[in-house]
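Here is the structure we will look at, set down as structure tokens.
What you see below is based on every heavy atom in this structure, not just the backbone, and it leaves out hydrogens, waters and symmetry mates.
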Amino acid sequence: MTDFPPYIIDSIQRIFAMGGVAIITSLLITPIVTKLLYRWRIARNAENDPTLAIEGHAEKINTPIMGGIIVVITIAVLTFFFDWERRFTYVPIGVMLLGACLGAIDDILGVFAGKRRDRSLKQTITLAKVHQNKLMRVWYWFTVPYAVFKGFFRLFGSKPGKGVHAHEKLMLQFAAGAISAWWIYLKLGDAWQSIYIPFHGFISVGFLIIPLVIGIVVFTANAVNITDGMDGLAGGMLIPTFSALALLSWKSGMDELAILNAITAGSLVTYTYFNIKPARFQMGDVGSLALGSLLAINTLAMNAMAVLPLLAFTFYAEAFSVIIQVGGRVLLGKRIFKMAPIHHHFELKGWSEEKTIMRFWLVHIAFVIAGVWVGLH
Amino acid sequence: MNKTLSPEALKVIEQYMKLRLGAGGKTPYYNNRRGKIRGGLNAIIGKGTPEEICDEARILALRRGISLKKASPEQLAIFLVDEGLGVDCSGFAFHVLNAESKARKQGRLFSHVTLKKSLVRRILAKLRPASNVSVGILSMDENSTVVQIADAEAGDFISIIGSGLDHTYNHIMVITKIEGNVIHYAHSYAWPSDGKYNHGVNTGTITITNQEKPLLEQLWTESGVTGFQNYTYVNAQTARKISIRRLNAFS
């Protein structure tokens, strides 16, 4: 049997230990959070949620959302006390918390707020022309580009509801992506201005890394957000993804990042335990946007951008199914899928929720294994 | 001479007349002037095929938590109209003539249609053909030619341009069968007497009493009524231009 050097054994032990600590910590937090979510009735309501009409989904009404906050708190607290490292962990945690705040606002507004008013481009222009106050007229003209920006989202099916609107979400996610890009471009060093391509080597992209990072953070956060639509689906797929990231970051010698990934995987184990059908609580945007951002930035921090499509395969497939559905509607006037994201398409085709989730898990695990294999080269 | 439409085109009409939903029921008329939806699904902008309309109805029923399996034609009509599902006259004509074109081995109808639009608009129109082939487009000389009453065939269409009190409405009716001196047609339309829910795809006849006289001086019959009780005829009376036309592809 091969004898590994003690420092390797030490680092592996530490990574696994922190994963275990995360399971226990989140287990301790869970009853408190659950009680508060039930007490404050931060629960899923039937309004503006067509998926609840799918057979068997009605029982999800009144299930608390924001359960993902358990994972977010566990990751933030454990990292702060046991894995705080200026170079590799404080920005990922910052970006994750930014995503969590955005998600939390959306979740809370979705439950408690009234329907928000939304001024269309036509209304803005009319006000700019006819408002009795000259200053207000100037202001409305000033806001016309913003109204055009909003109108673009409406064209693609964004329906203004109670929570954060799609265009507002995108702007805040853009800010999270910009922070990530600033960190990677300016703080991590020249090596991160090149993309590592497995089997090939580094390709220098220079400042183009900035839009790439922003795009990947925004897209991945939304992909995880979109996937979080069935009991246990997103949680069960994030566990193998973050476990794989822990392995790959450890192999790259980034122990702090490996511990962060192990903590995330550990806390997700507890979360998913309570999230499988019938769910005690659901992740909510607070968890999905935070974990999506964290997944993207952790992968980028270890310069494994090229592996991300495999490690996040099913999340991306879910996101693309929504893009394809919207594209099909706008360009062709047809539904490509019975319902998007694609997990609902399979449900409407007759798969049970359990069957859909487990098959998605297995497909995802297969791609994660492929991603690890590629990432090790 | 084609006395009747091809079985494929007749099947499309039959599917519109009896949707595969619940106990069946005709497809309601969709007024494309009221529903100004940009980038919408064909089924909700009055341009859907019968299958698209049925699929969309099933999805909407699911969202509303109701079942259409046992819906009577009346219940179905209420559901479809309230959900904004239906077909307008040009959407109906497009899908019927498209089926006829394919049955005649002429390929897709759209490949024979000239649009007179910019390149970008033409590319976009290719993606959504049914939404871009209006009565006006089909009635252009580049796409169809006027035929005399005596020469009318199944697969021709009756083009009604500039009807209504303000002469801004266009309408199209597809000729489905020529039986002696009787022209059978099918179209999607709403009569004021149909009320909110009883309109949609329907059939009618024009009996040619004198071939020398214009179309409006023949006997129009629909839903068992003729003359000024027949609103299709009344509407046609107000048109600036009414003619039987044949697609150039079918000539």
Side-chain angles (χ1 to χ4, degrees), chain A residues 44-61 120-123 147-148 150-159 161 166 229 321-353, chain B residues 20-21 30 32 35-69 79 83-88 90-92 94-95 98 108-110 120-134:
Chain A
R44 192 166 175 180
N45 55 41
E47 219 176 312
N48 297 325
D49 193 347
T51 65
L52 288 172
I54 297 172
E55 201 176 338
H57 280 228
E59 64 195 39
K60 296 181 196 297
I61 298 170
S120 68
L121 174 63
K122 199 175 169 185
Q123 288 168 324
V148 172
K150 281 196 294 185
F152 183 73
F153 283 81
R154 274 190 179 179
L155 180 66
F156 287 95
S158 168
K159 291 186 183 73
S321 73
V322 174
I323 293 169
I324 291 168
Q325 185 82 331
V326 174
R329 178 174 60 75
V330 174
L331 293 175
L332 307 174
K334 294 175 191 291
R335 277 183 195 276
I336 309 293
F337 303 108
K338 285 181 183 289
M339 193 185 271
I342 199 167
H343 53 252
H344 292 311
H345 170 80
F346 288 109
E347 257 193 313
L348 291 179
K349 285 197 79 159
W351 291 15
S352 67
E353 189 176 359
Chain B
R20 288 180 186 163
L21 289 168
Y30 179 88
N32 55 20
K36 290 192 186 301
I37 300 169
R38 287 176 71 90
L41 292 168
N42 286 335
I44 62 165
I45 57 169
K47 304 293 180 185
T49 61
E51 293 85 5
E52 284 173 339
I53 292 167
C54 290
D55 284 347
E56 195 57 25
R58 286 189 198 99
I59 289 169
L60 290 171
L62 188 75
R63 288 185 175 184
R64 308 285 178 260
I66 56 172
S67 171
L68 294 177
K69 280 183 186 163
F79 175 80
E83 293 296 341
L85 293 171
V87 67
D88 64 12
S90 60
F92 170 80
F94 176 85
H95 291 298
N98 189 40
R108 295 166 64 214
L109 173 66
F110 191 74
V120 177
R121 294 289 302 166
R122 268 183 284 152
I123 291 168
L124 289 174
K126 210 164 190 172
L127 296 170
R128 301 181 70 123
S131 311
N132 288 280
V133 178
S134 61

Check your understanding: Taking atom CD of B/E51 and atom NZ of A/K334, what is their separation to the nearest 0.5 Å?
Key -> 9.5 Å
Review point. Do you know which of B/I59, B/D55, B/N42 has the most heavy-atom pairs under 4.5 Å to chain A?
Key: B/N42
Exercise for review: Can you measure from CD (A/E347) to CG (B/L62) and round to the nearest 0.5 angstrom?
Suggested key: 9.5 Å
Practice item. Please report the shortest heavy-atom distance between A/R329 and B/R128, naming the atom on each side. Key: O-NH1, 2.9 Å
Point to revise | Separation between CD1 of B/I123 and CG of A/L331, rounded to the nearest 0.5 Å | key: 12.0 Å
